[in-house]
Enquirer: 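Shown below is the structure under consideration.
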Number of protein chains: 2
Amino acid sequence: MAKKKTAKPECDARPVSLPDDATAEELAQLAWAVAHPARVRIVRLLISREACVCGEIVAELPLAQSTVSQHLKILKESGMIQGEIDGPKVCYCINASKLDALKKLIANL
Amino acid sequence: MAKKKTAKPECDARPVSLPDDATAEELAQLAWAVAHPARVRIVRLLISREACVCGEIVAELPLAQSTVSQHLKILKESGMIQGEIDGPKVCYCINASKLDALKKLIANL
DNA sequence: ATCGTCAATCGTCGATTTGCGATAAAGAGG
DNA sequence: CCTCTTTATCGCAAATCGACGATTGACGAT
């Protein structure tokens, strides 16, 4: 934390941006979920298919299964997608509310 | 959620993923520009003020000048903002077309 | 010409991300 | 029971990010 000791008499006097700060982190977090080509493709895939087994996602991407699993974990932690266990498989689907939240936050920029 | 049959889902007969791939990278790149709270705040600041000197941005954020400069560089490289040298100061402003590009890409997700 | 201000860049540090192979865990099926 | 399939997780390595102080370069003013 930079604590400037140098005198700063009359430069800034604007405590106007408090709600800004709150949504800034939320937007950053959601944007970050989509800030990787592989994750963009996963999100698009889930939107277009509405539901998708993990194996299909892996087959769709030029990445190793473990890497795709990592991206899925990141997307799940961000709340953008959800995964339901279905026997030995896992069925992922988009979380519409989170996606809408991202859309709104970006649109209201 | 509509669940596919447990049998093989005949889904992959679609050579449609060429434009997907192209915009996936573009979206990821633009999303990454706003995937940090400080950069979100910078972008918002520039939108609300339309133009802003670097010093003001530094004063607005709880970060060192060099760190803010880094974020400005990232935003500039992504095309989201532009900087014009004005004497010893540098005046930054938003790049509306890039911002719109991001908004469209997110909205069309 | 010299000084002070403003912003970019350099070098460094620690933390995080990204990718992979290998392994473990959980069911389904023979 | 054993085996196969499917997915998550565990290291591990390379790369990148984020933050900072210090320095540099550019410009205006004195």
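Within every chain, numbering begins at 1; the chains are lettered A, B, ... in the order of the sequence lines, protein sequences first and strands thereafter.
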Enquirer: Any side-chain donor paired with an acceptor under 3.5 Å for Thr23(B) and Arg44(A)?
Expert: yes
Enquirer: I want to verify a distance call: between dG21(D), dT9(C), dT6(D), whose nearest atom is closest to the Lys89(A) side chain?
Expert: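 Taking heavy atoms from C-beta onward, the closest nucleotide is dT6(D).
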Enquirer: Is there a side-chain contact between Ile42(B) and His71(B) (heavy atoms, below 4.5 Å)?
Expert: yes
Enquirer: So, is His71(A) close to the dT17(C) phosphate, meaning a side-chain N or O under 4.0 Å from OP1 or OP2?
Expert: no
Enquirer: Measure the distance from CZ on Arg39(A) to P on dG19(C) and round it to the nearest whole Å.
Expert: 8 Å
Enquirer: Would you please test Lys89(B) and Glu56(B) for salt bridge (charged side-chain N to carboxylate O under 4.0 Å, His left out) and show each step?
Expert: CA-CA 11 Å; Lys89(B) 307 190 176 183; Glu56(B) 289 187 85; over 6 Å; no
Enquirer: Are there over 12 heavy-atom neighbours, none belonging to Lys103(B), within less than 6.0 Å of that residue's NZ?
Expert: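 Result for NZ/Lys103(B): enclosed.
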Enquirer: How close or far is atom P of dA7(C) from atom CG of Leu61(B), stated in whole angstroms?
Expert: 13 Å
Enquirer: Using only side-chain N and O atoms of Thr67(A), determine if any of them is under 4.0 Å from OP1 or OP2 of dT18(C).
Expert: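 Looking at the OP1 and OP2 atoms of dT18(C), neither is under 4.0 Å from any side-chain N or O of Thr67(A).
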Enquirer: Is Tyr92(A) close enough to dA8(D) that one of its side-chain N or O atoms is under 4.0 Å from OP1 or OP2 there?
Expert: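 Tyr92(A) to dA8(D) OP1/OP2: side-chain N or O found under 4.0 Å.
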Enquirer: Among dT9(C), dG18(D), dC20(C), which nucleotide has an atom closest to any side-chain atom of Leu63(A)?
Expert: dC20(C)
Enquirer: If you check the Pro88(A) side chain, which of dT9(D), dT6(D), dA8(C) turns out closest?
Expert: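 My answer, after comparing the listed nucleotides, is dT6(D).
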Enquirer: Inspect the contact between Glu25(B) and Arg41(A) and indicate whether a charged nitrogen and a carboxylate oxygen are less than 4.0 angstrom apart.
Expert: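 No.
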Enquirer: Measure from CH2 on Trp32(A) to C1' on dA15(C) and round the result to the nearest Å.
Expert: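 Result: 13 Å.
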Enquirer: Considering the options Ile47(A), Ile94(A), Ile106(A), which one meets the side-chain contact (heavy atoms from CB on, under 4.5 Å) requirement together with Leu109(B)?
Expert: Ile47(A)
Enquirer: Identify whether any heavy atom of Ile85(B) sits under 4.0 Å from a base atom; if not, whether one sits that close to sugar-phosphate; answer base, sugar-phosphate or nothing.
Expert: nothing
Enquirer: May I ask you to verify if any side-chain N or O of His36(A) is less than 4.0 angstrom from the OP1 or OP2 atom of dT16(D)?
Expert: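 The answer is no; no side-chain N or O of His36(A) sits under 4.0 Å from OP1 or OP2.
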Enquirer: For the side chain of Gln65(B) and the base of dA8(C), is some donor closer than 3.5 Å to an acceptor across the two?
Expert: yes
Enquirer: Within this structure, what is the CD-to-P distance between Gln70(B) and dT9(C), rounded to whole angstrom?
Expert: 9 Å
Enquirer: Would you mind telling me which of dA8(C), dG18(D), dT7(D) lies closest to the side-chain atoms of Lys76(B)?
Expert: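 Within the option list, the nearest is dA8(C).
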Enquirer: Measure from CG on Leu75(A) to C1' on dT18(C) and round the result to the nearest Å.
Expert: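 Checked: the CG to C1' distance equals 14 Å.
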Enquirer: Categorize Val58(A) for me: base, sugar-phosphate, or nothing, with a 4.0 angstrom heavy-atom threshold over every strand shown.
Expert: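 Contact class for Val58(A): none.
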Enquirer: Send over the distance from Glu84(A) CD to dT6(D) C1', rounded to a whole Å.
Expert: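 Rounded to the whole Å, the gap is 17 Å.
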Enquirer: Confirm from the modelled atom types if Ser66(A) and dG21(C) form a donor-acceptor pair under 3.5 Å, side chain to base only.
Expert: yes
Enquirer: Please work out if Val68(B) contacts a base, only the sugar-phosphate, or nothing of the nucleic acid, heavy-atom cut-off 4.0 Å.
Expert: nothing
Enquirer: Whole-Å distance between dG18(D) P and Ile42(B) CD1?
Expert: 11 Å
Enquirer: Let me know the distance between CD1 of Ile81(A) and P of dT7(D), rounded to the nearest Å.
Expert: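 Between P of dT7(D) and CD1 of Ile81(A): 13 Å.
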